[in-house]
Protein chains: 2
Amino acid sequence: MEKAVIDLLKSYQLRTTTVRKQVLDLFMQSKHALGKTNIEAQLEEIDRITLYRTLRTFEQKGIIHEAVDGSGKTKYALCSHECSEHAHHDHHAHFYCSLCENTVCMDSITVPEVSLPEGFRINSAQLILSGVCQNCQ
Amino acid sequence: MEKAVIDLLKSYQLRTTTVRKQVLDLFMQSKHALGKTNIEAQLEEIDRITLYRTLRTFEQKGIIHEAVDGSGKTKYALCSHECSEHAHHDHHAHFYCSLCENTVCMDSITVPEVSLPEGFRINSAQLILSGVCQNCQ
DNA sequence: ATCTTCGCTGCAACAATGTTGCGTTAGAGC
DNA sequence: GCTCTAACGCAACATTGTTGCAGCGAAGAT
Ligand SMILES: [Mn+2]
Ligand SMILES: [Mn+2]
Ligand SMILES: [Zn+2]
Ligand SMILES: [Zn+2]
């Protein structure tokens, strides 16, 4: 189990430190997106600032992406393979459960193309769905 | 000009205070969504906490709605007429300009319906578009 | 295996934003 | 005008974001 984490870090030319292995392992095991608070709760020893920078690094490298869910809290989830440094390609929707407050990537739902009024140039699009998830019905 | 603001406040059974009139007036004149910092800059005398509660009240009453744009900063814009207390009905997209950092409501673009996997119940949906706006081309 | 280098960590410190309590102020109805 | 109570404004605290810097440790070289 360690091996997959280490390999992934190495493939991105990142040092395989304890913190990074722990955080990345959490992401690989989690079924939903993780917020900072969430991670801190599971890794009690972890330093707040180090986690902040770890997530920033992971995002810049294209390992994780921000899952905007309208809850006001920033969450992150593993990227798909197409993502790389400086270029995220996560064109799927995110579902936010208002009961358990978890957010999951809906890989099966792609963000629909829309036509904008004259003068607007669009670079990316995000679709946020809110409701009640499977577990909370 | 004052009259429209006062009438709107009264129609929601809200006291017509100086702060509320000022804030609501800003919203009615602005072409894009407003964040707290933005409002504070334009109303220099305003108290930070009072503004916070004013916006919360306006949102609860259905006068303004949150415009999620993925920038991490919460912004607000006037609701359409269908919105009411405890029931927002803003099914339009929001466009965020990465240059001027303004967010505008795209009333012409409605959030498309999507079909979710079994077990999910959907209550609302939001569509965020990012790019460069008219003025920044 | 030990050394060296440089990226990473962890602490301090500060900024920005969100939130509640409470005494004072002022709007609305009488 | 007077009364009642909603709204204001200040203090105080919580949470989150961000940078600087000294010490640690992972990775490659010897
Ligand atoms: Mn995702
Ligand atoms: Mn809007
Ligand atoms: Zn749930
Ligand atoms: Zn712009």
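As the structure is a prediction and not an experimental result, all values here were calculated from the model. In the text below, chain A, chain B and the rest are named by the order of the sequence lines, each starting its count at 1.
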Under 4.0 Å, counting only non-hydrogen atoms across every strand here, what does B/T37 touch: a base, just sugar-phosphate, or nothing?
sugar-phosphate
Are the side chain of B/R20 and the backbone N or O of B/T54 linked by a donor-acceptor pair below 3.5 Å?
no
What integer distance in Å separates A/L51:CG from D/dT15:P?
16 Å
Whether the side chain of B/Q137 engages the backbone of A/G119 through a donor-acceptor N/O pair (distance < 3.5 Å, no angle test) should be reported.
yes
Taking the side chain from B/T57 and the backbone from B/R53, do they hold a donor-acceptor pair closer than 3.5 Å?
yes
CZ of A/R56 versus C1' of D/dG17: gap in Å, rounded?
10 Å
For residues 62-74 of chain B, pull every pair meeting salt bridge (Lys or Arg N to Asp or Glu O under 4.0 Å), keeping only residues two or more places apart or in separate chains.
B/D69-B/K75
Rounded to 10°, the helix from C/dA1-D/dT30 to C/dC30-D/dG1 deviates from straight, judged by its five-pair end axes, by 40°
Taking the side chain as every heavy atom from C-beta outward, state whether A/V111 and A/Q126 have any pair of such atoms under 4.5 Å apart.
no
Separation of D/dA14 C1' from B/Y52 OH (nearest whole Å)
12 Å
Where chain B begins and ends its contact with DNA chain C, read 5' to 3' at 4.0 Å from heavy atoms
C/dT17 to C/dA28
Check for a donor-acceptor pair, side chain of A/E40 on one end and backbone N or O of A/I46 on the other, with a separation under 3.5 Å.
no
Interatomic distance where CG belongs to B/L9 and C1' belongs to D/dA6 [whole Å]:
14 Å
What is the distance from CD1 of A/I39 to C1' of D/dT16, rounded to the nearest Å?
14 Å
Flag the pair B/L34 / B/L26 as yes when at least one side-chain heavy-atom distance between them is below 4.5 Å, and no otherwise.
yes
Using a 3.5 Å distance criterion without hydrogens, assess whether the side chain of A/S98 forms a donor-acceptor pair with backbone atoms of A/G131.
yes
Within-4.5 Å side-chain heavy-atom neighbours: B/F27 and B/I39
yes
Ring pair (Phe, Tyr, Trp, His ring centres under 6.0 Å) against A/H92, all qualifying residues, sequence neighbours excluded
A/H65, A/H94
Connected via hydrophobic side-chain network under 4.5 Å: B/I122 and A/I128:
no
Is there a side-chain contact between A/T50 and A/Y52, using heavy atoms and a 4.5 Å cut-off?
no
B/S/- contact track for nucleotides 21-30 of chain D, protein heavy atom under 4.0 Å:
B---BBS---
note: B/I49, atom CD1; D/dA11, atom C1'; distance rounded to Å ~ 8 Å
Would a hydrophobic clustering, with Ile, Leu, Val, Met, Phe, Trp and Tyr connected at side-chain separations under 4.5 Å, put B/V114 with B/L127?
yes
Under 4.0 Å, counting only non-hydrogen atoms across every strand here, what does B/R48 touch: a base, just sugar-phosphate, or nothing?
base
What residues in residues 69-79 of chain B put a non-hydrogen atom under 4.0 Å from any atom of DNA chain D?
none
If each of A/D47 and B/E40 is mapped to the nucleotide of DNA chain C with the nearest heavy atom, which maps nearer the 5' terminus, i.e. the 5' end?
A/D47
For B/L55 and D/dC8, give me the distance from atom CG to atom P, rounded to whole Å.
11 Å
Are A/F120 and B/F95, when compared by the centres of their aromatic rings, separated by less than 6.0 Å?
yes
